[in-house]
Each structure stands twice: as C-alpha cells, then as structure tokens.
Amino acid sequence: MSFSKCFFLLPLGGISIFAGSSLLYDDVSETTLPSEATRLRSMDAEMGDIDGDGDLDIFVAMEFSKNLLLLNRGDGTFSDGGNRLPKPVHDSEDIALGDFYDDGDLDAVIVAEDDRIDLYYRNSGAGRFVTHPLPTAEVSNGITHGDVDGDGDEDLITANAGVSNALWLNHAGEFTFVSAALPFKKLTSQDVKLGELDGDGDLDLVEANEGVNRVLLNQGDGRFVVSKHALPDIRARETRQAAIGDVDGDGDLDIVFGNVFFGFSRRQGNEADGFANRLFLNNGDATFQLSEGLPEDQIQSAHIDLVDLDHDGDLDILATSIEELREPGTGPVRAYLNNGAGVFTDSTAIIFPATFRGNGFDVATGDVNGDGKADLYLANRIGADRLLLAK
C-alpha cells in the first residue's frame with residue numbers, strides 16, 4: 001500500500017499501529033461538495049456511474065426533502081444534479097442502485113417509512129430519471145437487491161415493520177411481489193442484506209430486527225426458510241443495521257450487527273448493558289459463532305459498514321456511535337481496523353482528523369477522483385454530508 005507520507009509499522013498484540021504517519025483520509029467536503037444541498041436529513045448514499053461518463057456519482061436518499069444526485073465532474077468534485085430527479089418529496093430511507101431495466105443505465109429504488117410511498121426511478125440515460133410504478137404500501141426501513149431466483153436480473157427485498165419482509169421479482173424491469181417467498185414475522189426489520197452464506201451458490205438473507213435477528217436460506221428459486229440454529233445469540237435486541245463480508249479471511253461471509261438501546265429495548269424492560277454491536281463468524285455453512293474480535297469498550301451503532309479503510313486487503317468497520325444528548329444515531333463516526341483475522345482495534349484517530357465529527361447515517365465507498373483508492377462519502381442526518389479522500 002502507498003500513502004502520501006512515509007510510515008512504518010510497529011507490532012502490538014497482533015495489531016499493526018501506524019507510526020509517524022499522517023491521517024489516512026482528508027476531509028475535503030468544503031471544496032468538493034455543494035454543501036447547501038447536503039445539509040438536510042441524509043439517510044442513505046450509493047455510488048455509481050449514474051450519468052454514464054465513466055466516473056462515480058452519488059445518489060443520496062433524503063428524509064422528507066428532495067432526494068439528492070451529486071454529479072462527479074471527473075476529478076472528485078461534485079455538482080448538484082437534483083434537476084434530473086422527479087420532484088415529489090417523500091420519507092426516503094434507503095436506496096437500491098442497480099441496472100434493473102437491463103439497458104446499461106443505473107436505476108434507483110428508494111423505500112419509505114413514514115409515508116409508505118416507495119419510489120422506482122428509471123434512468124432514461126445520462127442520469128435523468130423518470131418515476132416508474134412500484135405499488136408498495138408497507139412501512140419499509142431498508143432495501144437490498146440481487147438475483148435471488150437465478151434468472152440473471154436484479155430482484156428486490158424490503159425490510160418492513162410489523163409484517164413479513166417483501167420479495168419483488170424482476171421481469172424485464174417490472175417488479176412483481178411474491179407473497180409467500182419470505183417467512184412470516186411480526187417483528188420490525190430495520191435492515192436486510194443478501195449474500196451467499198451457506199456455500200450452495202445462491203443468495204441468502206440476513207434480517208436486522210427489533211427483536212431476534214434471523215438468517216434466511218434461499219432454496220435456490222427465491223423462496224427462503226429460516227435457519228433456526230444459524231445464530232447462537234437469540235436475545236431480543238434492537239438491531240438497526242447488518243453488514244456482511246469476510247472479516248477473518250477464511251473465504252466465507254461473516255455478519256456484524258449494529259445494535260442500539262432505543263425505544264424498543266426500553267419497552268422490553270431491558271438494561272442497556274449487552275446492547276453493543278455484535279460480530280458473528282461464519283463456520284462456512286451459514287452457522288455462526290459469536291466473536292470476541294470487537295473491542296471491549298465498543299459502542300452501540302445505528303449504522304455500521306464493512307470497508308477496507310486502510311487499503312490492506314481486509315475489511316474494517318466504520319460505525320456511528322450513540323450520544324445520549326443528541327438525536328438517536330447521530331453521534332460521531334468511529335473506525336475500527338482489522339488485523340486480518342477478524343480482530344478489531346479502535347483506530348479513529350488514525351483514520352480521521354481530530355476536528356472531524358461526522359454524524360454518519362450511511363457511508364458510500366468508491367474511487368471518486370481516479371487515484372485507485374476508495375474514498376468515503378458520509379451521509380449525515382444532522383449537518384452537512386462529508387467527503388473524505390483516501391491519501
């Protein structure tokens with residue numbers, strides 16, 4: 001790996017610590033983003049070449065304000081492309097960005113919580129979107145996409161409150177709800193993630209719930225069943241997000257859950273102790289063991305991501321922290337570096353400037369300035385969004 005300044009590594013309990021180095025990221029938000037456009041309640045962000053010019057743009061879901069499209073000028077500076085989006089304002093919570101119409105352009109599906117109006121934005125070319133019907137009416141907190149039935153196109157699964165999560169199968173860019181595909185639940189799901197968990201070649205599902213989290217195994221055709229013995233921790237928690245990736249380098253996908261102690265947990269009469277984030281390592285067959293690889297003083301998080309922050313080839317953790325005096329989920333972003341075997345160290349001071357205080361609700365990752373290193377866009381629910389360039 002290479003950075004703009006020289007450094008050397010000192011071993012400390014199996015963890016590599018950067019010595020004599022500069023920070024790994026620069027906060028360049030003030031000179032690269034149309035900051036006024038990003039000051040509203042950003043909930044989710046996704047990167048992709050939306051206008052077809054070869055660089056990464058950023059789509060941002062905004063809570064009860066117009067969604068945001070940031071167009072890359074080619075050098076990692078962005079202009080406000082909001083005039084290319086439809087005008088209606090809804091409670092946008094989460095984005096699925098993909099070529100759903102199979103025409104070479106990236107489309108977007110945005111789910112809503114409070115007003116229950118999900119949006120299907122079809123890209124008509126050059127990043128100009130038109131609204132296309134998606135007749136859903138559930139309270140949806142999250143969305144994931146992937147080919148769950150093996151027919152070669154991108155399907156959708158939404159994380160719903162109080163009812164079963166929903167599968168929408170894609171047929172030539174039109175989505176059809178499949179009522180019996182996902183097992184019944186009354187829990188509120190805050191997030192869903194697709195990934196190949198059991199080694200049989202199809203995409204399985206992880207539910208992050210207010211209650212017991214679940215692993216659902218794909219039967220090969222887009223029908224899912226609950227794996228009752230997948231997770232050893234069956235305590236009812238309030239999980240806001242799941243991230244999946246191979247954190248210990250053994251070739252299978254592990255799960256990290258971002259847990260909080262908000263309204264649901266208090267109503268259950270639970271104590272705050274024990275509601276910190278949790279890491280589960282995959283045994284290779286979609287059964288998991290609770291890992292002790294997270295620091296003992298780790299935080300609760302409304303958002304959590306697996307990202308290679310230090311460009312060493314393994315997945316690190318980027319997570320929000322909870323502050324009691326602030327709006328839930330809007331504490332500072334913290335970074336935990338992986339030693340390559342799934343053991344994490346709080347390395348926030350190495351990653352971010354001391355003055356940085358992002359209140360990230362989501363992070364999008366990609367090389368926005370063409371230097372070959374992944375950069376970070378933090379969607380902040382409170383305050384302006386931030387762009388951090390890797391050194």
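Every value quoted in this text rests on a predicted model; they were computed, and no experiment measured them.
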Legend entry - R240/D191 under salt bridge (charged side-chain N to carboxylate O under 4.0 Å, His left out): CA gap, chis, key distance, verdict: CA-CA 6 Å; R240 286 301 177 105; D191 189 28; over 6 Å; no
So, [X] and [Y]: side-chain donor and acceptor under 3.5 Å apart, yes or no?
X	Y	answer
N259	E238	no
D385	S42	yes
N283	Q289	yes

Check ion pair [X]-[Y] (N to O, under 4.0 angstrom):
X	Y	value
K186	E210	no
R334	D346	yes
K373	D375	no
D221	R223	yes
D107	R122	no

Is it the case that the side chain of [X] and the backbone of [Y] share a donor-acceptor pair, with hydrogens and angles ignored and the cut-off at 3.5 Å?
X	Y	answer
D308	G313	yes
D252	G284	yes
S291	L281	no
N218	D202	no
D316	L337	no

Inset, instruction - Sort out for me which residue in N209, T239, N213 forms a side chain to side chain donor-acceptor pair (under 3.5 Å) with S189. - result: N209
Legend entry - Aromatic ring pairing Y25/F352, orientation class (parallel under 30°, perpendicular over 60°, tilted between):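 Y25 vs F352 ring planes: tilted.
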Inset, instruction - Would you please classify the geometry between the F129 ring and the Y121 ring as parallel, tilted or perpendicular, with 30° and 60° separating the classes? - result: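 The arrangement is tilted - the two ring planes meet at 30° to 60°.
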Inset, instruction - Kindly say whether the aromatic ring centers of Y101 and H132 come within a distance under 6.0 Å. - result: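 No, ring centres 6.0 Å or more apart.
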Inset, instruction - Evaluate the side-chain contact (heavy atoms from CB on, under 4.5 Å) criterion for residues F280 and V256: first the C-alpha distance (whole Å), next the side-chain angles of each, then the deciding distance (0.1 Å), finally the verdict. - result: CA-CA 6 Å; F280 293 91; V256 59; over 6 Å; no
